[in-house]
Protein chains: 2
Amino acid sequence: MSLRHGLLGLLAEGPASGYDLARRFEEHLGPVWPAQHPKIYAELSRLSKAGMIEVDSHGPRGRKAYRITDAGRAEVRRWLSEDAVDHTLRSESVLRSFFFWLMDPDDLHEHLRREQRYFTEIADLARGYAAAKDRGEYGTAPQTKSMRVALEAAIRVYQSLADWAEWAQTVPPATPEEDADTPRPPTPA
Amino acid sequence: MSLRHGLLGLLAEGPASGYDLARRFEEHLGPVWPAQHPKIYAELSRLSKAGMIEVDSHGPRGRKAYRITDAGRAEVRRWLSEDAVDHTLRSESVLRSFFFWLMDPDDLHEHLRREQRYFTEIADLARGYAAAKDRGEYGTAPQTKSMRVALEAAIRVYQSLADWAEWAQTVPPATPEEDADTPRPPTPA
DNA sequence: TAGGGACATGTCCTCAAGTACATGTGAGGC
DNA sequence: GCCTCACATGTACTTGAGGACATGTCCCTA
């Protein structure tokens with residue numbers, strides 16, 4: 001479970017409330033690691049009980065800001081350098097592509113156009129943020145440097161998916177003869 | 001939940017047992033949609049109860065092969081053309097990159113080298129399968145054409161991640177001055 | 001013929017994710 | 001002064017994912 005470590009990592013930047021963290025997850029981390037507020041509040045109280053974080057201040061509307069402790073900082077560092085990376089890359093878009101042969105060619109074409117548009121949009125959005133960072137708008141703190149690296153991943157991955165969707169539109173649909181020819185594949189990729 | 005539709009999609013190619021499906025998920029769909037056998041068997045009995053699939057044949061060791069029904073075929077087609085695509089792209093690799101600034105520079109460099117190696121390996125593996133498909137080794141059936149499209153996504157995405165990991169190694173670590181300069185970022189990406 | 005390994009199916013339990021529900025406050029505009 | 005909206009925190013319930021456990025069979029090889 002990486003939500004725990006995601007929260008610790010964000011809190012390493014400075015104190016924040018559950019509400020703040022939920023917004024940051026939705027705005028910045030959402031595309032690579034979704035997390036809704038119920039999970040976040042629950043995890044925060046668990047982290048608090050474990051001594052990884054503690055209440056930093058109480059604010060206006062029952063607001064509770066948390067601060068990371070030394071134990072928490074040690075834990076997030078340990079995760080980063082010791083725990084094995086889980087490389088699974090869940091993507092419904094790609095999953096669907098295994099089944100494109102079941103789709104009506106016109107539907108598929110329309111689907112791919114929409115996918116291309118979507119991925120391009122996200123890539124451009126990330127490019128915009130990256131350009132702002134490069135112009136120095138977010139300062140030179142080490143966290144923003146890491147943010148820039150993450151943005152670069154988003155730009156590259158989403159652009160590659162946009163290019164893929166564009167390319168897929170050029171693949172001709174199955175001809176009737178091929179459609180008849182339907183053997184079981186031996187054991188492909 | 002797309003496991004349901006993934007199973008239906010695979011069964012649309014022809015009858016298969018839970019064991020077969022588990023292997024195909026692990027070998028082919030695993031990188032984009034992991035599924036373990038307990039989930040698969042459970043889902044198969046649910047699909048069977050719902051009339052989307054039915055038992056096609058009984059084999060040697062209690063083997064039960066399922067066949068998709070018309071209702072099942074209609075459902076997977078409906079999913080493909082009507083249901084909105086969930087675009088979240090869960091990636092622990094990218095999530096970690098938000099917190100690179102917490103890592104020791106040498107650890108980080110080593111981490112990025114490992115990541116680059118891993119992503120390159122997967123991209124090459126996909127390239128190998130794609131080349132075999134292009135040589136005609138898997139025939140010309142429409143399913144294998146879709147498989148080729150999915151492979152292309154894998155090649156492009158994993159290569160882009162490998163390139164990203166390589167690029168990230170060229171980003172200089174934070175200098176001590178910048179480290180001191182640690183303001184809260186306004187509201188970045 | 002004994003033994004190991006791949007084939008084959010399933011249950012149980014725990015934890016993670018996600019939706020819906022529930023509640024209340026402070027600030028700003030009309 | 002009222003109303004709305006963003007702020008803010010939580011609980012409850014349902015489903016999904018995943019690891020551990022349990023069981024048995026067929027086939028090949030030594």
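Chain A is the first sequence line, chain B the second, and so forth, proteins listed ahead of strands; every chain is numbered from 1. Computed from a prediction, not measured in an experiment: that's the story for all the values here.
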Examine B/Y19 together with B/H37 and report whether their ring centres are nearer than 6.0 Å. no
On the 0 to 90° scale, with breaks at 30° and 60°, tag the A/H87-B/Y118 ring pair as parallel, tilted or perpendicular. parallel
Just the rounded figure in Å: distance from [atom2] of [N] to [atom1] of [X].
X	N	atom1	atom2	answer
A/E43	C/dA17	CD	C1'	12 Å
B/L95	C/dA17	CG	P	11 Å
B/D20	C/dA6	CG	P	16 Å
B/D86	C/dT19	CG	C1'	14 Å
B/Q36	C/dA16	CD	P	15 Å

Ranking A/R46 and B/Y41 by the position along DNA chain C of their nearest nucleotide, the one closer to 5' is B/Y41
Taking for each residue the nucleotide of DNA chain C with the nearest heavy atom, is it A/P34 or B/R61 whose nucleotide lies nearer the 5' end? B/R61
Residue pair A/F99 / B/H5: nearest heavy atoms and the distance that separates them: CE1-O, 4.3 Å
Please identify the 5'-most and 3'-most nucleotides of DNA chain D with any atom under 4.0 angstrom from a heavy atom of chain B. D/dG16 to D/dC26
Would you mind classifying the nucleic acid contact of B/R90 as base, sugar-phosphate or nothing, using non-hydrogen atoms under 4.0 angstrom? sugar-phosphate
Have a look at B/S45 and say if it touches a base, only the backbone sugar-phosphate, or nothing, with a 4.0 Å heavy-atom cut-off. nothing
Decide whether A/S17 and A/D20 meet the rule of one side-chain donor and one side-chain acceptor closer than 3.5 Å. yes
Working to the nearest 0.5 Å, report the span between CD1 of A/I122 and CZ of A/R117. 13.0 Å
Could you check if a side-chain atom of A/D134 sits within less than 4.5 angstrom of a side-chain atom of A/R148, using non-hydrogen atoms only? yes
